[in-house]
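Here's the structure, in C-alpha cells; my notes come after.
Sequence positions, counted from 1, serve as the residue numbers for this chain.
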Amino acid sequence: MKTKKAIILIGILILGSNLFAQINGYARVTAVDVNKKVLTVANVNQVHGNFEIGKKVIVYHTQGKVVANLWNNSNYGQIGTIGNTGRIEIAIVKNITYTFGVPSSIELTQSLSYAPEINANSSIQLITYPEFTNYSTSSNISALPWDGKVGGVVAFRVIGNLTLNNNITADGAGFRGGAKSDNIQGDCNNYTFQSSDAKFSGKGEGIYKVSDGIHKYAMGHLANGGGGGNPHNAGGGGGGNYSAGGSGGIGWECGVNAGGLGGTGLENEITRDVVIAFFGGGGGGGQQNGHFASDGSNGGGLIIIEADSIIVNSGNVKISANGLNAPNTTGQDGAGAGGAGGSLIIKTKGVKINTAKLASLLLSASGGNGGSVIHRDSHGAGGGGGTGLIKYINTDLTKVAGVSISNNPGTAGMDDNNLFPRITAQNGVNKSGLIFYPGNISLPIELVDQKVICTEKGALISWTTATEVNNDYFQIEKSEDAKAWEILDILKGAGNSNSLARYEFLDNQFSENTAYYRIKQVDYDGKYEYSPILSIFCNESVNAFEFTGYKISDNRLDVSLKTDDPGIIKISLCDISGKKITSYTVNHPDKGVNFIQQEVHVINGVYILIVEQNNTRISKKLIVCN
C-alpha cells in the first residue's frame, strides 16, 4: 500500500489546552547587518516558543558597554553612557535562515530603530512575543533563568481578556549573584575594588558584561551588580535596579569597611522612556577563611504583559520579579548579599478583581535580603538588594480594589552577637520604583511590514502597522531617481490603535524605468518619519499571479496557479534549512489556471514551497506528515 502524505499549512499559532510553565523562545544576537534588519543568532532556545515568520519578537538590550571607570579606585564601576542598554523594541520576523534545523539568522520586516551594540561587554537578546486571544491561564508561568546569554524574560500579549488563575514570575531570573571567595586568610582590605584573585569574593552580575577576569572579584560594584566581600570575612554588597543596593558588613575586627559596595541605582536611566527596564543586579558574595561563607543571590528578571483587560476571579495571584534572599552563614565568615528586584511592565485598559470571592492580585519587584551571620562573633553580613521597577500603562493599578503592590528594598543581614557596636551591613536604598503612564501610550515601537509588487494595473504599495499612536496620516511619495520626490496621495491613519492595520495604494502610472517609493508617516503634532525606500520596475505586460492550490501525495507535488502573464514560472521546494530539494520551470504557462505536477521524494518534516514569476515571489510553509 502506498503511503498518503498530508500537508498542513501553518498560518496561525495553535495553542494547546495548557500553557507551559515557560512560554517564550530566546536567542542571543551575535551580529547585525548594516541595515539593522538581519540579526545573526546563537544559543537558540525554542523549548517553549518558536521563532516564526510573520510573528512578533522582542529585541532586548540586556547588557552594554556602560561603565566609564574600570580603574582600581573608589569610582570604580560607575556608569558613563548607558546608550541603548535596557531598551526594549518589538519587531516582526520576515524571514528565518536555518542551520541544521536551528535558526542562525532572523530577518526583520524593517530596520531596528535602535541599533544593537555588539561588543565584548554587551548582550542582546531576541525573544518571542506570543499573542493570544481571550486567554485564561491554567498553570504558573515563569521565566527561563538568565544564564549569561539568554533568558530572564516573560513577555506576551493578549487580545481581549487575560484571566489570571495562576502566578507569573521572574523571581531570581535576572542577573546572577557573585560567588563566595576561596577559603583564604587575609588582612582587612578596603582598597581593592577589582581583582582576578578568588581570595576576594565574586561581584554580582549587572548591566556591564564582564569580559576580563580582573573585574570578577573584590568590593567595587560593577554598574548595578553588588561588589564582593574583601578579606577579612566581609559581606557582599546588594544588587541595584531602580534604587541602589546596600553595602556589605565590614568584616572581622576590621577598622575599615571591607564590605562589598551596593550596586548602582538606575532611576535616572529607567525614567528616560517607557520602554527601558533592567534585570535586578546580583548580590556580591561573602568572604571566607573558615568554609562558612555564602554566595550572593540573583536579581529579579523582566515581565512584560499587554492585555486589553486583566481579570482575577479567585485566589491570591501574583505577578512578581523579586530579587532572591541570600543564604545565611552559620560560621565565622562573611555572608552573601541579596539580589535587586527586577522589572514589571504592564499595559492594560482595565483590571477587574473579584473581591467578593476573596480574589486578589499582588504586583511585586522587591529586593532580596542579605545573608545573616549566625554566630556569636561579629563578621560581615550581606547587604540588601535595591528596589525593582513596576511600570503600569493606561490604568493606575494603585487605585484598583484588590490589587496590592510590593516594591521594597531588601533588608541587610544581621550578626547574631552581643558586641557593641553591632557590625551590620546596610539595607537596600528605599526608593519607590512605581511609574504610571496615563493615556494611550504605546509599548516599544512596533515595526511594520512594507512591500511593493507589480500587478496588471500598476505598482501596488502595501504596508501593515502593528501599533499606531497619534498617527494622523500617511503620505505616499514616488521618485525616478530616489532624490526628487512627488506626492502621489495621502491616506488617513488610524490615530491610536493596538491592532494590525493594513494599508494599500495603487500607482497605475507605469514607469519606463525603475520607480522608487517611500511612505511619510505624520503625527497630529506635525512630527514625521520616512519609511525605507522601496523600488520596483513594472511594465504593462505584468498581470495577476497567485497560488490556487498545492499538495503532495504519493511522492508527487501538485501545484495549481493562476497567471495572465506568459513569463517563465519557477517552482522550488526547499527544506526548513533552505536546502533546495527540487526545482523546475514552466517556460510557456497558459493564460488562466495552470496545473503542474512534479515527482518528489520527501519525508515527514517542514518545507517551503516557492513560486516566482517576473517581479513576484510567493512562498508557503508546509508540513508533511503520515
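- When all heavy atoms of N369 and T411 are compared, the pair lying nearest together is OD1-N, 2.9 Å.
- Smallest separation of non-hydrogen atoms from Q287 and N233: OE1-N, 2.9 Å.
- For the side chain to side chain contact (heavy atoms under 4.5 Å, CB included) with L162, the lone residue among I305, V351, I311, N134 that qualifies is I305.
- Put simply, the side chain of N224 gets close to the backbone of I207: a donor and an acceptor are under 3.5 Å apart.
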From CA spacing to verdict: side chain to side chain contact (heavy atoms under 4.5 Å, CB included), T169, N140
CA-CA 8 Å; T169 61; N140 292 335; over 6 Å; no

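- The closest donor-acceptor contact from the side chain of S294 to the backbone of T329 lies at 3.5 Å or more, if one exists at all.
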Step by step, would you call V59 with Y114 a side chain to side chain contact (heavy atoms under 4.5 Å, CB included)?
CA-CA 9 Å; V59 181; Y114 301 94; over 6 Å; no

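- Looking only at side-chain heavy atoms (C-beta outward), T387 and V429 stay at 4.5 Å or farther from each other.
- Among all heavy-atom pairs drawn from A425 and G382, the shortest one is CB-O, 3.4 Å.
- The structure places OG1 of T271 at 5.5 Å from CG of N268, a figure rounded to the nearest 0.5 Å.
- In this structure, W146 and F175 have perpendicular ring planes: the angle between them is above 60°, well past the 30° mark.
- A donor-acceptor pair is defined here as one N or O able to donate and one able to accept, closer than 3.5 Å; such a pair exists between the side chain of Q288 and the backbone of S181.
- At least one side-chain heavy atom of Q78 sits less than 4.5 Å from a side-chain heavy atom of T264.
- Between E52 and V93 the shortest heavy-atom distance is O-CB, 3.3 Å.
- Rounded to the nearest 0.5 angstrom, E306 CD and I159 CD1 are separated by 9.0 Å.
- Between the side chain of N241 and the backbone N or O of G388, no donor-acceptor pair lies under 3.5 Å.
- Residues T163 and S136 bring no donor and acceptor atom of their side chains to less than 3.5 Å of each other.
- Note on R176 versus D295: no salt bridge recorded, every NZ/NE/NH1/NH2 to OD/OE distance being 4.0 Å or above.
- Under the side chain to side chain contact (heavy atoms under 4.5 Å, CB included) rule, I310 has a single partner from I353, V403, I346, N161, which is I346.
- Side-chain N or O atoms of N167 include one that pairs as donor or acceptor with a backbone N or O of K318 at under 3.5 Å.
- Between Q125 and K149, the closest side-chain pair of non-hydrogen atoms is not below 4.5 Å.
- Taking the ring centroids of Y129 and Y60, they lie at or beyond the 6.0 Å cut-off.
- The backbone N or O of S366 lies less than 3.5 Å from a partner atom in the side chain of N322, making a donor-acceptor pair.
- Looking at every heavy atom in both residues, I82 comes nearest to R272 through CG2-NH2, 3.1 Å.
- Between the K209 side chain and the G148 main chain, a donor and an acceptor come within less than 3.5 Å of each other.
- Contact annotation: the side chain of I79 approaches that of L266 to within less than 4.5 Å [non-hydrogen atoms, C-beta and beyond].
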Where do R28 and D147 land on the salt bridge (charged side-chain N to carboxylate O under 4.0 Å, His left out) test, with the steps shown first?
CA-CA 11 Å; R28 178 170 65 97; D147 64 3; over 6 Å; no

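- Without hydrogens or angle criteria, E89 side chain to L112 main chain gives no donor-acceptor distance under 3.5 Å.
- With hydrogens and angles ignored, the 3.5 Å screen pairs a side-chain donor or acceptor of S372 with a backbone N or O of M414.
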Please report the C-alpha distance between F156 and E131 in whole Å, then the side-chain angles of each, then the deciding distance to 0.1 Å, and finally whether the side chain to side chain contact (heavy atoms under 4.5 Å, CB included) criterion is met.
CA-CA 6 Å; F156 63 96; E131 292 183 318; over 6 Å; no

Kindly determine whether I276 and R87 satisfy side chain to side chain contact (heavy atoms under 4.5 Å, CB included), including the steps that lead there.
CA-CA 5 Å; I276 291 177; R87 186 168 291 278; 3.7 Å; yes

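- Here K349 contributes atom NZ and I393 contributes atom CD1; the two are 13.0 Å apart, rounded to the nearest 0.5 Å.
- Enclosure of atom NZ in K216 is not indicated, since only 12 or fewer non-hydrogen atoms of other residues, nucleotides or ligands lie within 6.0 angstrom.
- Note: I303 CD1 to I345 CD1 = 11.0 Å, rounded to the nearest 0.5 Å.
- Note that the NZ atom of K180 and the OG atom of S201 stand 10.0 Å from one another [nearest 0.5 Å].
- With contacts defined as side-chain heavy-atom distances shorter than 4.5 Å, the pair T62/F279 qualifies.
- A donor-acceptor contact shorter than 3.5 Å links the side chain of Y26 to the backbone of V153.
- The two atoms that bring S247 and G262 nearest to each other are OG-N, 3.7 Å, heavy atoms only.
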Apply the test side chain to side chain donor-acceptor pair (under 3.5 Å) to residues S139 and N166: give CA-CA distance (whole Å), side-chain angles for both, the deciding distance (0.1 Å), then the verdict.
CA-CA 6 Å; S139 64; N166 309 90; 5.9 Å; no

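- Using a 4.5 Å heavy-atom cutoff, the side chains of I106 and V57 are not in contact.
- In this structure, the side chains of V158 and D308 stay at 4.5 Å or more apart for every pair of heavy atoms.
- Between I435 and I390, the closest side-chain pair of non-hydrogen atoms is not below 4.5 Å.
- Here the straight-line distance linking atom NZ of K492 with atom OH of Y503 works out to 10.0 Å at 0.5 Å rounding.
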